[in-house]
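What follows is a single structure, written as structure tokens, with notes after it.
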Amino acid sequence: MAQHFLLSAASRTLSLRSVYKAGEEAAYQTFCEMRWPETNGEAVCPCCGFDEAYKITTRRKFKCKACHHQFSVTSGTIFASRKMGFVDLLAAICIVVNASKGVSMVQLSRDLDCQYKTAFVLAHKLREAMALEVHTGEVLEGHVEIDGAYFGGHIRPENAKADRKDRRLKRHQTGKRRVVIAMREREGRTLPFVGQSEAEGVALANENVSRLSTMSADEASHWDELHMGYHVDRVNHSEIYSDHGKHTNWVESYFSRLRRMVQGQHHHVSPQYLYQYANHAAWLEDNRRTDNGTLAQIVVSNSMTAPVSRQWKGYWQRSA
């Protein structure tokens, strides 16, 4: 039997030890090279685009020779207003990409020796950077599988049997239950969305799947509408999971990773942020055959091109 990629030496090209051994200056240079790859890490003014600047070494800032604007390597990026050292930021990225099923924020805060809130917000900023590769605006092509999975809304039963309620009734629901609707190309991209019901996936498919594509779905009745625009293979999971190539195993593989992430690492995910974890799992699933050194470079590069977060400010949430 062939060795799994994650067990091979080819998957391990970056370690936490090597990040800290290289030191703060090497980490800072890495961020500069990812921010300005066209000039080999030499500063380019974000205001006027001039590629010559004075270095203010005492504060790790630059001053443009043309417009005299002062800026840093993280100005205008998702890491704007950061206080954490560059080596710690790079270590956090290394920890996040090394965790194939995600990492809890308590563990991340202990590894980085920072507050829980700091780790929580930092991880969400990294997920925003990952989402740039997940939601690219391009439609899915080829053969696309679609399915939905419900998360959250658990109602703890009462201790005494006489006090227990029928949790299937709507009046006894918490209102926090959400469905992740995922569309996945075979041998391709995964595109997740969060909604109230799985039936919303029909409209999402019409917007995000090419009309030349074919699709696979289970026997849920709301997927019947897909037949009006696509050739759809249907598989009845109560009888069989794969019927001569008709299956939804690729999208179910994504849900398997997401469920292990939510249940095994985070234990509870707010419906307000479920889309962030869905994007994180999709990014990990799409890059499951990429070594961890390349994954870290991708996240750093995405972070340097991502704009300032509209939801997260500094090390906590923006005020409403």
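Since this is a predicted model, take the numbers as computed values, not measurements. Atom set for the values below is all heavy atoms of this structure, side chains included, hydrogens, waters and symmetry mates excluded.
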Problem - Spatial distance of atom CG (D111) from atom CD1 (I95) [nearest 0.5 Å] - result: 4.5 Å

Exercise for the section: State whether the side chain of R12 and the backbone N or O of S8 hold a donor-acceptor pair below 3.5 Å, judged by distance alone. Expected result: yes

Handout entry: Pair F120 and W312, ring centroids less than 6.0 Å apart
Key = yes

Practice task
Determine whether the side chains of Y241 and N236 contain a donor N or O and an acceptor N or O closer than 3.5 Å.
Solution key: no

Practice task
Check the side chains of S309 and E128 for a donor-acceptor pair under 3.5 angstrom, ignoring hydrogens and angles.
Solution key: yes

Exercise for the section: Treat each ILVMFWY residue as a node, draw an edge where side-chain heavy atoms are under 4.5 Å apart, and state whether F50 and Y54 are in one component. Expected result: no

Exercise for the section: Determine whether K125 and R82 make a side-chain contact, defined as any pair of heavy atoms from C-beta on separated by less than 4.5 Å. Expected result: no

Problem - Between S18 and S15, a side-chain donor and acceptor under 3.5 Å - result: yes

Exercise for the section: Mark yes when over 12 heavy atoms from residues, nucleotides or ligands other than N40 sit less than 6.0 Å from its CG; otherwise mark no. Expected result: no

Completion exercise
Between the CZ atom in R110 and the CG atom in D113, the distance rounded to the nearest 0.5 Å is 11.5 Å

Exercise for the section: Side-chain contact test, heavy atoms from C-beta onward, threshold under 4.5 Å: evaluate it for H154 versus T174 and give yes or no. Expected result: no

Problem - Close side-chain approach of H237 and E252, heavy atoms under 4.5 Å - result: yes

Practice task
Might you point out which heavy atoms bring S213 and Y230 nearest each other, and give the distance in Å?
Solution key: O-CD2, 3.7 Å

Exercise for the section: Please tell me if the side chains of T190 and V134 come closer than 4.5 Å, counting only heavy atoms from C-beta onward. Expected result: no

Handout entry: Contact summary for A182 and F255, nearest pair of heavy atoms
Key = CB-CZ, 3.7 Å

Practice task
State yes or no: are the ring centers of F193 and H135 separated by less than 6.0 Å?
Solution key: yes

Problem - Hphob cluster co-occupancy, L274 + I155, side-chain heavy atoms under 4.5 angstrom - result: no

Exercise for the section: Report, as yes or no, whether the 6.0 Å neighbourhood of atom CZ on R288 holds more than 12 heavy atoms from other residues, nucleotides or ligands. Expected result: yes

Problem - S11 side chain vs L7 backbone, donor-acceptor pair below 3.5 Å - result: no

Practice task
Inspect the surroundings of NZ in K101 and state if more than 12 heavy atoms from other residues, nucleotides or ligands are less than 6.0 Å away.
Solution key: yes

Problem - Interatomic spacing from CD in E138 to CG in N208 - rounded to 0.5 Å - result: 11.5 Å

Practice task
Working to the nearest 0.5 Å, report the span between CE of M105 and CD of Q115.
Solution key: 15.0 Å

Problem - Criterion salt bridge (Lys or Arg N to Asp or Glu O under 4.0 Å) on R189 and E141, from CA distance to verdict - result: CA-CA 9 Å; R189 294 170 49 218; E141 298 178 339; over 6 Å; no

Practice task
Would you please test V202 and W223 for side chain to side chain contact (heavy atoms under 4.5 Å, CB included) and show each step?
Solution key: CA-CA 7 Å; V202 176; W223 300 132; 4.0 Å; yes

Problem - Side-chain (D291) to main-chain (T294) donor-acceptor, under 3.5 angstrom - result: yes

Practice task
Please check if the side chain of R178 supplies one atom and the backbone of Q196 the other of a donor-acceptor pair under 3.5 Å.
Solution key: no

Practice task
Taking all non-hydrogen atoms of both residues into account, name the closest pair between A91 and L112 and its distance.
Solution key: CB-CD2, 4.2 Å

Handout entry: Within-4.5 Å side-chain heavy-atom neighbours: T214 and D233
Key = no

Exercise for the section: Check whether more than 12 heavy atoms from other residues, nucleotides or ligands sit under 6.0 Å from atom NZ of K165, and answer yes or no. Expected result: no

Fill in the blank from the handout: Y28 meets the ring pair (Phe, Tyr, Trp, His ring centres under 6.0 Å) criterion, sequence neighbours left out, with F86

Handout entry: Rounded distance (nearest 0.5 Å) linking atom CD of E185 with atom CD of E145
Key = 11.0 Å

Handout entry: Check ion pair R184-D147 (N to O, under 4.0 angstrom)
Key = no

Problem - R35 (side chain) donor-acceptor with V73 (main chain) under 3.5 angstrom - result: yes

Fill in the blank from the handout: Closest non-hydrogen atoms of S72 and F62, given as atom of the first, atom of the second and distance, are CA-CD1, 4.4 Å

Practice task
Could you tell me whether a side-chain N or O of T13 sits under 3.5 Å from a main-chain N or O of G293, the two making a donor and an acceptor?
Solution key: yes

Exercise for the section: Taking atom types as modelled, find out whether S256 and R260 have a side-chain donor-acceptor pair closer than 3.5 angstrom. Expected result: yes

Handout entry: K63 and H68, any side-chain heavy atoms less than 4.5 Å apart
Key = yes

Practice task
Answer yes or no: does atom CD of Q173 have more than 12 heavy-atom neighbours from other residues, nucleotides or ligands under 6.0 Å?
Solution key: yes

Exercise for the section: Report yes or no: does T136 contribute a side-chain atom to a donor-acceptor pair with the main-chain N or O of E133 at less than 3.5 Å? Expected result: no

Practice task
List the steps and the verdict of side chain to side chain contact (heavy atoms under 4.5 Å, CB included) for N279 and R127.
Solution key: CA-CA 7 Å; N279 290 334; R127 292 186 185 106; 6.0 Å; no

Fill in the blank from the handout: In short, R259 meets A149 closest at the heavy-atom pair NH2-CB, 3.3 Å

Problem - Over 12 foreign heavy atoms within 6.0 Å of CZ, R289 - result: yes

Problem - More than 12 heavy atoms of other groups within 6.0 Å of R156 CZ - result: no

Exercise for the section: Identify whether V235 and M215 are in the same connected component of the hydrophobic contact network (ILVMFWY, side-chain heavy atoms under 4.5 Å). Expected result: no

Practice task
Spell out, as yes or no, whether a donor-acceptor pair under 3.5 Å connects the side chain of Y254 to the backbone of L191.
Solution key: no

Problem - Y275-H280 aromatic ring centre distance below 6.0 Å - result: no

Problem - Chi angles and distances behind the side chain to side chain contact (heavy atoms under 4.5 Å, CB included) call for M304, W36 - result: CA-CA 9 Å; M304 291 293 96; W36 301 297; over 6 Å; no

Exercise for the section: Could you walk me through whether C64 and C48 pass side chain to side chain contact (heavy atoms under 4.5 Å, CB included), step by step? Expected result: CA-CA 9 Å; C64 178; C48 66; 3.5 Å; yes

Problem - N292 (side chain) donor-acceptor with L14 (main chain) under 3.5 angstrom - result: yes

Problem - Exercise: identify the closest heavy-atom pair between M84 and L89 - result: SD-CD2, 4.0 Å

Problem - Side chains of Q70 and R59 in contact at under 4.5 Å (non-hydrogen atoms) - result: yes

Handout entry: Separation of M34 CE from Q29 CD (nearest 0.5 Å)
Key = 10.0 Å

Handout entry: ILVMFWY network linking L258 to V194, side-chain heavy atoms under 4.5 angstrom
Key = yes

Problem - Main-chain N/O of G102 paired to Y277 side chain as donor or acceptor, under 3.5 Å - result: no

Problem - ILVMFWY clustering at 4.5 Å (side-chain atoms), partners of F5 - result: L6

Practice task
Is it possible for you to say whether W250 and I146 belong to one hydrophobic cluster, with membership spreading through side-chain heavy-atom contacts below 4.5 Å?
Solution key: no

Handout entry: Contact check, side chains of R186 and S216, non-hydrogen atoms, under 4.5 Å
Key = yes

